[in-house]
Amino acid sequence: MLKLCAIAALSISIGLISCNDYTKKPPVEMTDKSEKKWWKEAVVYQIYPRSFKDNNGDGVGDLKGLTSKLDYVKNLGIDIIWLNPIYSSPNADNGYDISNYDDIMKEFGTMADFDAMLSEMHKRGLKLVMDLVVNHCSDEHEWFKQARSSRTNKYRNYFHWWPAEKGKPAFRPGAFEVDGSGWRFDSLTNSYYLHYFSYKQPDLNWENPELRKEIFAMMNRWFKKGVDGFRMDVIPFIAKDTTFPVITQKMLDEKYDGHWGVYMASGPGLHSYLQEMNKEVLSKYDIMTLSEGAGTTKATAMDFVDPDRHELDMAYHFDGVDLGYVPGYFKKMDPNWSLVAFKKIYSDWDSVFANKGWGTIYLGNHDQPRMVSRWGNDAPEFRSASSKMLTTFLLSMRGTPYYYFGDELGMTNIKFDKIDDYRDIETIAEYGKVKNAGGDLKGFIEDQKNGGARDNGRTPFQWTDGKNADFTSGTPWLKVNENKTEINVLTEEKDPNSVLNYFKKMVQLRKDQKDILVYGKYTLLDKDNPDVYAYTREAKGEKVLVLLSFRKTGGTFNLGNMQIGEEWINNLKALPVNGNTVTLQPYQACIVTIK
Ligand code: GLC
Ligand code: CA
């Protein structure tokens, strides 16, 4: 409670200062909405570099390969590329364990390859957003090697230690460990160190000003090189209660709704660290920032992105992608997830930023299964329509869309039959947990096929129907999906009705109709309709209706006294209107003007 009041007081006082500033400037609307920014109007395309294009035949995507495909990316019509981490890393968690923030992962190439890639991007008017992973680094980072060498080492305090003479530290979760523990004993100095992910990812101590200085200097070096922004990995985790009190299950349930994510993260220093980062780094450049992190709620999101607070630009929420999992299982999808709940989540989040700040929208990324397998229908007869429907949703909502590579082709989950096919540290650890508990291993593998295993979304990009989809001439690090025969760039470029060409059309529409589709007001209609997601977007007296069928049985929508005018886009043929009832075909999506 105290903390909330303090934050409110802080934002009020900052707000007053900037109000005074406003009086000196030419009159502008007081809401952030009036402030147009390139990163609000952009479509961000996320590339998982390991799986995009391999140039040297070692089976791993690399920067040279990526650079060779920039014309493809540019042709999609997108503006910004977000790349998952490409820094030096032993790859315990595919680059989210960084051993040198100032160098490039050997498998991906060299700094010269990076410079060439960035220059080729900028030549094409594409901006580059890098991943910033600073809650933790790799246990192979020089800081950690030094820190673990003795209790008095200069770098000791860059990490969180618990001396063993104090007994065992209170439980904290370690996401990628079979025993579930976030502490690891290090015999060299008879201490435990904290790692919220794997033991290969020791958490950095942000309470140490020296550490913060190093991170800010590193960020400045990347901005000086010309990068255009950062997506900040699990950023609310950087601040935590470092007295590490015992948290009982009862406390967790009562105070934190059962979410460790809330307890572990968002500690007292969080916003002062981000304000310091803004002052020391971000404010100096015309760049964009995005906060990623479980535990961000509707109540706290504005604290990250309120322009008056001078922290970050945009925030991710997890409410959408967390919907529809069966409790008690690892990312097992409930096939009867509720569209009504889905609509409520995205509508509530739109209202968070209705007057101030700016949101984001996404349905897939490298931590999620493929969007069509999860939210659409990847059966051959519905895959194309439902991919296009989901694309229509993402690109017709307010907030910057983060679109995951391969979704523009309608790529699907790979649905591995064997644990040996998986490469992801998370899935392997979860499998280990089930095994140790004598659980149902077959059931686990089945659950992942339509469920949330991250490798479902990480398989190599499908360029052609040729060997390994032309991703690599060698053996791919993760299997290529067999459905490359139909789902691939070459085939889809030639087909005017392909998922790929629909994506391009929809991107163009969002650009052409910026006032309405980017900035316009959003209103949910018919909120209890279990089959159809309907909403309007409007600006400057113009209004459009977006209709999306989320069911293989289609759905109906009652127009009331609205009259349909011009059709902006439609993923299937005609839209049958009978009286004022519109009947949508399975997974139909359309945007029409309203008279
Ligand atoms: C974020 C990343 C995920 C990674 C984790 C630890 O959630 O998106 O891929 O495993 O942080 O860095
Ligand atoms: Ca390679």
Side-chain angles (χ1 to χ4, degrees), residues 35 37-42 44-47 49 63 66-67 70 73 78-89 95-96 98-105 108-137 141 143 204 206 209-235 238 270-293 304-305 307 309-316 358 360 400 402:
E35 233 194 291
K37 298 267 191 200
W38 57 265
W39 44 263
K40 293 182 183 174
E41 296 173 11
V44 180
Y45 183 70
Q46 179 192 350
I47 296 179
L63 300 190
L66 203 158
T67 309
L70 286 177
V73 177
I78 61 99
D79 312 271
I80 301 174
I81 295 173
W82 154 31
L83 277 190
N84 292 96
I86 55 171
Y87 315 91
S88 302
S89 166
Y96 284 93
I98 297 170
S99 52
N100 184 347
Y101 289 95
D102 287 291
D103 207 352
I104 301 295
M105 187 190 299
F108 288 174
T110 62
M111 194 55 91
D113 296 340
F114 173 85
D115 292 338
M117 176 185 78
L118 184 61
S119 134
E120 289 299 318
M121 286 181 183
H122 284 169
K123 249 191 232 166
R124 290 168 176 78
L126 292 165
K127 293 189 187 275
L128 174 64
V129 167
M130 301 273 278
D131 219 304
L132 183 78
V133 188
V134 289
N135 172 66
H136 45 269
C137 60
H141 193 293
W143 295 338
L204 290 163
W206 276 70
E210 290 299 310
L211 180 269
R212 298 203 298 276
K213 240 165 97 185
E214 295 240 30
I215 301 281
F216 299 155
M218 174 272 287
M219 292 172 73
N220 274 315
R221 287 193 292 277
W222 281 102
F223 281 128
K224 292 208 169 105
K225 263 187 168 297
V227 308
D228 302 288
F230 279 118
R231 170 263 189 196
M232 303 192 177
D233 190 60
V234 293
I235 201 75
I238 61 173
L270 178 59
H271 292 285
S272 71
Y273 301 153
L274 292 177
Q275 282 165 14
E276 188 182 337
M277 179 194 280
N278 188 293
K279 183 163 165 273
E280 300 298 327
V281 189
L282 309 175
S283 58
K284 300 180 187 167
Y285 315 93
D286 179 21
I287 47 97
M288 57 146 272
T289 51
L290 165 70
S291 137
E292 185 247 16
F304 293 86
V305 302
R309 288 171 60 89
H310 304 283
E311 296 186 20
L312 307 178
D313 297 320
M314 291 174 262
Y316 248 25
W358 191 251
T360 60
T400 299
Y402 286 71

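The model shown is predicted, which means the values in this text are computed figures rather than measured ones.
With sequence neighbours excluded, the residues satisfying ring pair (Phe, Tyr, Trp, His ring centres under 6.0 Å) with His136 are Phe197. For Tyr316, the ring pair (Phe, Tyr, Trp, His ring centres under 6.0 Å) partners at least two apart in sequence or on another chain are Tyr362, Tyr402. Every residue meeting the side chain to side chain donor-acceptor pair (under 3.5 Å) condition with Asn135, not counting sequence neighbours, appears here in chain and number order: Asp203, Lys240. With sequence neighbours excluded, the residues that form a salt bridge (Lys or Arg N to Asp or Glu O under 4.0 Å) with Asp79 are Lys511. Taking the salt bridge (Lys or Arg N to Asp or Glu O under 4.0 Å) definition, one finds that Glu276 meets it with Arg212, sequence neighbours left out. Residues passing the side chain to side chain contact (heavy atoms under 4.5 Å, CB included) test with Leu66, sequence neighbours excluded: Ile47, Pro49, Phe52, Leu70, Leu83, Met117, Met121. Applying the side chain to side chain donor-acceptor pair (under 3.5 Å) criterion to Gln46, with sequence neighbours excluded, gives Asn84, His366. Every residue two or more places apart in sequence or in another chain that forms a ring pair (Phe, Tyr, Trp, His ring centres under 6.0 Å) with Phe223 is listed here: Phe230, Tyr285. By the side chain to side chain contact (heavy atoms under 4.5 Å, CB included) test, Asp102 is found to be paired with Asn100, Met218, Arg221, Trp222, residues two or more places apart in sequence or in another chain being considered. Taking the side chain to side chain donor-acceptor pair (under 3.5 Å) definition, one finds that Lys279 meets it with nothing, sequence neighbours left out. For the salt bridge (Lys or Arg N to Asp or Glu O under 4.0 Å) test, residues two or more places apart in sequence or in another chain that qualify with Lys225 are Asp115. Not counting sequence neighbours, the partners of Lys123 by the salt bridge (Lys or Arg N to Asp or Glu O under 4.0 Å) test are Glu120.
A donor-acceptor contact shorter than 3.5 Å is absent between the side chain of Tyr101 and the backbone of Met219. Without hydrogens or angle criteria, Trp39 side chain to Ile80 main chain gives no donor-acceptor distance under 3.5 Å. In this structure, Ser88 contributes its side chain and Ser99 its backbone to no donor-acceptor pair below 3.5 Å. Without hydrogens or angle criteria, Asn278 side chain to His310 main chain gives a donor-acceptor distance under 3.5 Å. With hydrogens and angles disregarded, no donor-acceptor distance shorter than 3.5 Å links the side chain of Thr360 to the backbone of Thr400.
Residues Asp233 and Glu292 have side chains in contact (heavy-atom distance under 4.5 Å, counting atoms from C-beta outward). Under the 4.5 Å side-chain criterion, counting only non-hydrogen atoms from C-beta, Asp286 is not in contact with Asp228. No side-chain heavy atom of Leu126 sits under 4.5 Å from any side-chain heavy atom of Tyr45. Residues Leu282 and Met277 form a side-chain contact, since some pair of their non-hydrogen atoms from C-beta on lies under 4.5 Å apart. Taking 4.5 Å as the limit, every side-chain heavy atom of Phe304 sits out of range of all side-chain heavy atoms of Thr289. Trp143 has its side chain within reach of Glu214: a pair of non-hydrogen atoms, C-beta onward, lies under 4.5 Å apart. The side-chain heavy atoms of Ile81 and Val73, taken from C-beta on, include a pair separated by under 4.5 Å.
Taking both residues in full, the closest heavy atoms of Met130 and Val227 are given as CG-CG1, 3.9 Å, listed atom of the first, atom of the second, then distance. Taking both residues in full, the closest heavy atoms of Ser291 and Leu312 are given as CB-CD1, 3.5 Å, listed atom of the first, atom of the second, then distance. Here the closest non-hydrogen pair linking Leu118 and Gly226 is CD2-C, 3.9 Å. Residue Ile238 comes nearest to Tyr273 through the heavy atom pair CD1-CD1, 4.0 Å, listed as atom of the first residue, atom of the second, then distance. Here the closest heavy-atom approach between residue Pro85 and residue Gly95 is recorded as CB-O, 3.1 Å.
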Apply the test side chain to side chain contact (heavy atoms under 4.5 Å, CB included) to residues Tyr96 and Val234: give CA-CA distance (whole Å), side-chain angles for both, the deciding distance (0.1 Å), then the verdict. CA-CA 11 Å; Tyr96 284 93; Val234 293; over 6 Å; no

Going through the checks in order, is the side chain to side chain contact (heavy atoms under 4.5 Å, CB included) test met by Leu63 and Ile104? CA-CA 10 Å; Leu63 300 190; Ile104 301 295; 3.9 Å; yes

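In this structure, Asp313 CG and Lys40 NZ are separated by 8.5 Å, a value rounded to the nearest 0.5 Å. Expressed to the nearest 0.5 Å, how far CG of Asp103 lies from CD1 of Ile98 amounts to 11.5 Å. Rounding to the nearest 0.5 Å places NE2 of His271 at 5.5 Å from CD of Glu311.
Geometrically, Lys127 engages Trp38 in a cation-pi contact, judged by NZ or CZ lying under 6.0 Å from the ring centre and within 45° of the ring axis.
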